[in-house]
Asker: 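Mind having a look at this structure? Questions to follow.
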Amino acid sequence: MNSMTMRNKYATLPVSKWDVRIRNNKRRRNAEIRKHILQLIFAIGFICVAVLCLNSIISKAKDAGKEDISIKYYKNICVERGETLTSIARTYADEAHYETLEKYIDEVVFMNHLRNADDIREGYYLIIPYYASELL
């Protein structure tokens, strides 16, 4: 039987080569187990960070949907007898989007290629902008 001497801090012990091989395999397995545990810890940490980031993105998306949405639409109307751009502006202008009625009237004049606000007559067709909060 071949025997090797293995030293420890207390004494020299005769050990077979199989004992040395078993001990080395045990050390290697323990090192692999430690490596797998560290990989598992890093994977769990990465998953936790990813879940927290995803949760913050989803919560921001939910908050973004709570604000009122206004969509600008255009409508074609026929000018009735006695109507002026001011009366049309009172009906369709939205205070949240136009500072004054004059700004709305200026946009209508520009869109319809009119010379001025008094340049409309009964029976004219005008394109009028308006805002709505739902999709049509």
Asker: Which distance, rounded to the nearest 0.5 Å, do you find between the NZ of K103 and the CD1 of I105?
Answerer: 12.5 Å

Asker: Indicate the atoms forming the closest heavy-atom contact of T91 with S87, along with that distance.
Answerer: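 Smallest interatomic distance, heavy atoms only, reads OG1-O, 3.0 Å.
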
Asker: Would you say E99 has more than 12 foreign heavy atoms packed within less than 6.0 Å of its CD?
Answerer: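 No, not enclosed.
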
Asker: Under the salt bridge (Lys or Arg N to Asp or Glu O under 4.0 Å) test, which residues partner K72, sequence neighbours left out?
Answerer: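 By the salt bridge (Lys or Arg N to Asp or Glu O under 4.0 Å) rule, K72 matches E107.
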
Asker: Is there a path of hydrophobic side-chain contacts, each under 4.5 Å between heavy atoms of I, L, V, M, F, W or Y residues, that connects I77 with Y73?
Answerer: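 Both belong to a single hydrophobic cluster.
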
Asker: Can you confirm whether L114 sits close enough to L126 that some side-chain heavy atom of one is under 4.5 Å from a side-chain heavy atom of the other?
Answerer: yes

Asker: Minimum heavy-atom separation for I127 and M111, please, with both atom names.
Answerer: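 Closest approach of I127 to M111: CG2-CE, 3.3 Å.
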
Asker: When you compare the side chain of V79 with that of R121, does any pair of heavy atoms fall below 4.5 Å?
Answerer: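 When only atoms from C-beta onward are counted, V79 and R121 do not touch, as no gap falls below 4.5 Å.
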
Asker: Rounded to the nearest 0.5 Å, what's the gap from OH on Y130 to CD1 on I71? Could you check?
Answerer: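 That separation rounds to 10.0 Å.
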
Asker: Do I41 and I33 share a hydrophobic cluster, counting only Ile, Leu, Val, Met, Phe, Trp and Tyr and linking them when any side-chain heavy atoms are less than 4.5 Å apart?
Answerer: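 I41 clusters together with I33.
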
Asker: Could you measure the distance from the NZ atom of K17 to the CG atom of N24? Nearest 0.5 Å is fine.
Answerer: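 It is 13.5 Å, given to the nearest 0.5 Å.
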
Asker: In this structure, would Y124 and L85 fall into the same cluster of hydrophobic residues linked by side-chain contacts under 4.5 Å?
Answerer: yes

Asker: May I ask you to test the V108-Y104 pair for a side-chain heavy-atom distance under 4.5 Å?
Answerer: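 They are in side-chain contact.
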
Asker: About how many Å separate NE2 of H97 and CD of E95, when rounded to the nearest 0.5 Å?
Answerer: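 The distance works out to 12.0 Å.
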
Asker: Which residues pass the salt bridge (Lys or Arg N to Asp or Glu O under 4.0 Å) test with E32, sequence neighbours left out?
Answerer: R28

Asker: Would you name the heavy atoms of E83 and I120 that are closest together and state the gap between them?
Answerer: O-CD1, 4.0 Å

Asker: Which heavy-atom pair separates R81 from E122 by the least distance, and what is that distance?
Answerer: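 In terms of heavy atoms, the two residues are closest at NE-OE1, 3.4 Å.
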
Asker: About how many Å separate CG of L52 and CD1 of I47, when rounded to the nearest 0.5 Å?
Answerer: 12.0 Å

Asker: L101, I128: one ILVMFWY side-chain cluster at the under-4.5 Å cut-off?
Answerer: no

Asker: So do the side chains of Y131 and Y98 get within less than 4.5 Å of each other, counting heavy atoms only?
Answerer: yes

